[in-house]
J.: 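Attaching a single structure in structure tokens format; questions to follow.
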Amino acid sequence: MSKRPGPEDIDSIRLRSREEYLEKRSELKLAELRRQVQEEQEEERSNPHLSQRELREFARNRETLRLAESRLAIDDGLDGYVLPDADGSKLETLNKRKKKDVSTYKSEVQLWEDEVTARAKVAQIHRPDRLQQDDYEFVFDPTQALNFVSAGEWVDPDKQRLQEQLDAAEKKAKSIQEVRTSLPIYQYKEQFLDALADHQVLIVCAETGSGKTTQLPQYLLDYFNKEGGTSLRIACTQPRRVAAMSVAQRVSEEMGCRLGQEVGYSIRFEDKTSPNTKIQFLTDGLLLRQFLNDPTLSGYNAIIIDEAHERTLATDILMGMIKDVGKYRTDLKIIISSATLDAQKFSQFYNDSPILMIPGRSYPITIYYSQNPEASYLSAAITTVLQIHCSMKDPGDILVFLTGQDEIEAGKQSIEETVRKLGSKIPELVVCPIYSALPQEEQGKIFLPAPPGGRKVILATNIAETSLTVDGVRFVIDSGYSKENVYNPSTGLEQLVVTPISRASSSQRAGRAGRTGPGSCFRLWTRWSHFNELEESTTPEIQRANLSSTLLLLKSIGINDLLNFDFMDPPSATAIAKALEELYSLGALDSTGSLTRVGRQMSELPIDPKLSKTIILADTHQCLEEILTIVAMLGESSALFFAPKDKRLHAEAAKRRFYTRGGGDHVAYLKIFNSWSEAEYDPLWAKENYLQQKALTRARDVREQLQKLCERIGITPSSCGDSNYIPIVKALVAGYFSNAARLNRDGKSHTVLRNGLSVRIHPSSMCHEPTEVPKWCIFSELRLTSQEFIANIVDIDPQWLIDAAPYAFKKADLEKFGIDKKMPKTRPAQAK
DNA sequence: GAGCACTGC
């Protein structure tokens, strides 16, 4: 008689099944990656016409594989991965290196490559010989004959290989099937399909580990296949590009098809779909842009909005638009998928649509709160790190959530000093910082395993909350704060504010401790404050952002009454009014609020309207090539320079070499990009000049895209060269005349003409140098930190303001500010 | 002479 399973049994069963699931999943992933890398390497060898981007991607995949393999190499080696198409010999090859000494070390990838290459050579060159030889040996060699007889039947080696591959595929399919049916969401499949038949909109509220993202699209596909229909496509939006790519990869494996066929993804700069594509993962912003060409979403039978609780700007707009489209397209199925208990709110928004709650599957996490409020979360965090490290016997890495780069660097230093003082009394502790501005190669370090017997502590910003996952973390220390970008529509100031996080965000952070085993989360605030002071969820982005670009898009889709648009959480009337005002002043809207021809052209470009106006006016000033570069570089300006602390002077000098008097920061960006391009986009060149290759590459991608879009909206290429910067600045003034400023009498501060705000030039600007301070200028950025700063600045002649926006600037007004023909045009007396 | 969280088209 077996006893009924108790709660512990169930827990351990859950635990085991989770472990098995994760193990299977990583096996499959790795095998897939190996195969992909092999395919790519063959292509690289045989195809000399691969694009730079493809080569980069191949290299990235190779590196990922290498990292995964090297992480695997710390295992004992005997229970390593078995390739789905592996035979015994390959497994042996993989394990062989463990027995070899270090001098003959070869990575597993190299060994595997060697083996594949060897096999390929045999197959290509020696095939006819081998066949003859086989026959020969079969007849005359007694040992061969004996082997053959004992094997029972003769098997053609090619056929055998094929059979092995088939077996492997079947095994893989079977394990995929097992994984799929073991997911919590599987229990709810019928319920989901039934609800789908009765309702147009469903809210799915599922916890992490439920399998919603991979399974829901497939269930929908089953639903529509049963219904019968000719063309079929399901869209599933994701807030992040990597998510769209990796989920598409996963689902294509589950469905046994090549990525880009039945299952594909679309992100900016990359479309991996085909006419056969039934399930398309795409970023939320991209689906929003698709409304421009297809306002009724006629290409889709169903839309899944995944991670709706994140409330990105694009997701919020999409939810309003889709609600509207759904009224006319009653055949369109809409699924809103969210992780938190916001489900009620989503349901109300969609006229009380039914909610499907699905439990998740993750390891238990113990939450600890501070007994008393902490005076400084940074020192509290550091103390907690050392407490865990010294007193906890359990292995597992520590993840600390802080707010920014400075804090992280300070924390790193402090921890390292303490550890040094304690010396050999405690096990080794490795500190890994991670934030998005950190160069790529440094970022990779967080994935390296901790030293044996030691521990790794990761100091991270919000980047580790959703965008980046580190396995092996068992302890999370949460400061309870993050930096939020807040835009003030009435002054145009942007500000990064350290804000307490929401409860939703805190549980997301805590969840990072339970990915590979049970974990603990230490919250540096009190339980009382958790339930009484923290907000339930983060303020939706739509209430914090500059809306001009979004509203232009909505206008061009044909949504005219923006104040009455069905927002789930409407932005403030001031924010809408300011955005409309800006669009009007740029000539994108006429006085009745309708879209103009220029406005339509501008809406096609996925950038800030000030920039799109600049691009359109670049046509008039015959400098499109130059402006495209500047626009693309402006988007990357904050991540462009990277100066190590000890080489700050060198970095400054390097930066200064690109500056020309009168051209400001903008023309300097142009020179940087052009020099990089002359250096054939060499990463080494970038490094020598203290520039980030990543930012430059992105700027190049953006530029390419803008160039194509310009062709489409009828703007013809033109160029004025990078030393003739007058037309360039004139085009910039056409977009940025509202960001004009004039030097005050003190010679140090500027006044913004539009609103009289007193600002200073940010020291990162090349115009900060006393000899370079412009009398009149326009700026691309206005930011409040310790003071009100303007950045990305270029000198102008005030007359150009009148030329660009005669209705906004009258000569008489500018004269009041001291416009004076006799004055040196752009700068005060030079100090020399 | 300051300091910038994170996404996305």
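Order of the sequence lines sets the chain letters (A, B, ...), proteins ahead of strands, with each chain counted from 1.
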J.: Can a cation-pi geometry be assigned to A:Lys655 and A:Phe641, taking NZ or CZ under 6.0 Å from the six-membered ring centre and within 45° of the ring axis?
T.: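 Because its charged atom sits under 6.0 Å from the ring centre and within 45° of the axis, A:Lys655 does stack over A:Phe641.
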J.: Tell me whether A:Lys212 is salt-bridged to A:Glu307, with the criterion being a basic N under 4.0 Å from an acidic carboxylate O.
T.: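 Answer for the salt bridge query: yes.
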J.: When all nucleic acid strands are considered with a 4.0 Å heavy-atom cut-off, which category describes A:Ser786: base, sugar-phosphate, or nothing?
T.: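 It contacts sugar-phosphate atoms only.
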J.: Using the test side-chain contact (heavy atoms from CB on, under 4.5 Å), find all partners of A:Lys555 that sit at least two apart in sequence or belong to another chain.
T.: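 For A:Lys555 the side-chain contact (heavy atoms from CB on, under 4.5 Å) partners, ignoring immediate neighbours, are A:Asn560, A:Leu562, A:Leu580, A:Leu589, A:Leu595.
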J.: What's the CD-P distance between A:Glu652 and B:dG3, to the nearest Å?
T.: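 It is 15 Å, rounded to the nearest whole Å.
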J.: Could you run through nucleotides 4-9 of chain B and give me one letter per nucleotide, 5' to 3': B if any protein heavy atom sits under 4.0 Å from the base, S if only the sugar-phosphate is that close, - if neither?
T.: BBSSSB
J.: Can you check the A:Leu649 CG to B:dA2 P distance for me, whole Å?
T.: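 For the pair A:Leu649 CG and B:dA2 P, the rounded distance is 16 Å.
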J.: So what does A:Arg311 touch, heavy atoms closer than 4.0 Å: a base, only the sugar-phosphate, or nothing?
T.: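 Contact class for A:Arg311: none.
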J.: Salt bridge check, A:Lys412 against A:Glu416: does any charged N sit closer than 4.0 Å to a carboxylate O?
T.: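 The answer is yes: the pair qualifies as a salt bridge.
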J.: Is the side chain of A:Thr277 donor-acceptor paired with the backbone N or O of A:Ile279 at a distance under 3.5 Å, no angle test?
T.: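 No; zero donor-acceptor contacts below 3.5 Å.
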J.: Could you tell me the separation between the CD atom of A:Gln495 and the P atom of B:dG3, rounded to a whole number of Å?
T.: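 Nearest whole value for this atom pair: 11 Å.
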J.: Can you tell me how the ring of A:Tyr481 sits relative to the ring of A:Tyr377, calling it parallel under 30°, perpendicular over 60° and tilted otherwise?
T.: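 Correct class here is parallel.
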